[in-house]
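Down below is the structure, laid out as structure tokens.
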Amino acid sequence: MAVVINGSGTVTGISVGGLPDGIVDSGTLATNSVDSAELIDGAVDNSHIDALAASKLTGALPALDGSSLTGISGGDNTPSFSAYKNSVQAITTSTWTKLEVTTEYWDTDSAFDSTTNYRFTVPSGEGGKYHLTAGTGWSRFDNSAAGRYQFLKFYKNGSEFRGGLRTYSTLDAAGGQYDDFEYTTAIDIDLAASDYVELYVWHNEGHDVNTSASQTFFTGFKLAGV
Amino acid sequence: MISANGLIQLGYTPEVDFKLQDDSDGNGVYIKEWNSDQPQPSVADIEAADTIWQTEYDSQEYARNRKQEYDKLNQFEMQFDDQLNNTTTWVDAINAIKQEFPK
């Protein structure tokens with residue numbers, strides 16, 4: 001077919017492949033002169049897409065699984081554990097006593113010792129920031145005198161941990177007589193591999209006081225993304 | 001056995017003069033910190049003092065039991081009603097508690 005330059009300034013007679021590569025560039029085409037009607041299926045493939053603006057990611061998007069997501073840091077909040085005690089424990093007056101947390105709900109990395117030392121130990125390679133929560137209760141605590149206190153504290157590597165957020169609960173149990181108490185406490189704490197955390201309680205009721213059955217728990221997980 | 005009550009009986013103050021700890025490992029209570037300027041007493045001295053404290057405490061059991069029962073009564077109202085009605089409900093109730101928990 002002959003190439004014809006029409007009087008209207010248009011050109012006809014050019015077949016597909018009739019123009020060499022590079023002959024038509026952005027300077028040759030008027031703004032918006034190529035729209036969807038001029039693009040056949042498959043004309044724009046991945047090799048011709050330089051970048052896609054976030055504003056173009058709208059409407060129905062294809063489903064993505066984890067393998068399609070990259071550049072996302074932070075991990076999966078493990079190690080994670082949750083343990084409790086479903087029986088009472090006698091606590092001697094004015095004596096810091098380790099709570100025996102004897103039953104596990106879960107323990108993703110087998111890092112909680114619920115049989116001997118009742119502690120969470122950070123596994124190798126899992127150092128970082130952890131969120132820990134604990135609670136206990138007292139059964140028939142004699143609060144007939146002012147100045148009687150109860151504490152629940154986290155111990156890190158055998159020593160009372162005072163850093164970070166509030167590490168204990170205390171109650172000035174003045175007034176009344178025998179009462180039951182329950183409370184919880186939590187911390188965010190930096191832990192390195194092999195560090196361990198335990199729970200200790202203290203009271204000055206004057207005699208042994210039992211913790212409440214099913215009120216003692218210890219749970220925690222590694223914070224992701226920090 | 002080391003006890004806070006024994007040390008208190010000897011005149012020492014918890015968390016000031018001493019700090020006791022029990023690691024729940026079967027080894028019992030031990031003195032984690034001794035902060036008093038007085039020498040640390042022997043275990044035997046602590047045990048003897050604890051026995052004295054316990055004896056004194058046990059001797060007051062009747063009083064603790066009585067108080068627990070007294071606290072359940074609305075004594076002022078009972079006395080007022082007795083005055084008004086010429087009855088003895090308050091005296092009767094107190095006597096009943098004393099008899100239930102004698103010295």
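Chain letters run A, B, ... following the sequence lines, proteins first and then strands; every chain starts at 1.
- A salt bridge links B:Lys19 to A:Glu160: at least one charged side-chain nitrogen sits closer than 4.0 Å to a carboxylate oxygen.
- Contacts with chain B were tallied for A:Glu198, A:His207, A:Lys98; A:His207 has the most, counting heavy-atom pairs under 4.5 Å.
- Among the candidates A:Thr116, A:Leu99, A:Asn204, A:Thr97, the residue making the largest number of heavy-atom pairs closer than 4.5 Å to chain B is A:Thr97.
- Taking a 6.0 Å sphere around CG of B:Asn86, one finds it holds 12 or fewer heavy atoms contributed by other residues, nucleotides or ligands.
- Using a 4.5 Å cut-off between heavy atoms, A:Gln89 touches chain B through its side chain atoms alone.
- For the residue pair B:Ser3 and B:Asn5, no side-chain donor N or O sits within less than 3.5 Å of a side-chain acceptor on the partner.
- Residue B:Asp25 does not touch chain A at all, counting heavy-atom pairs closer than 4.5 Å.
- Contact check on B:Glu69 versus B:Arg66 returns no salt bridge, with no Lys/Arg side-chain nitrogen under 4.0 Å from an Asp/Glu carboxylate oxygen.
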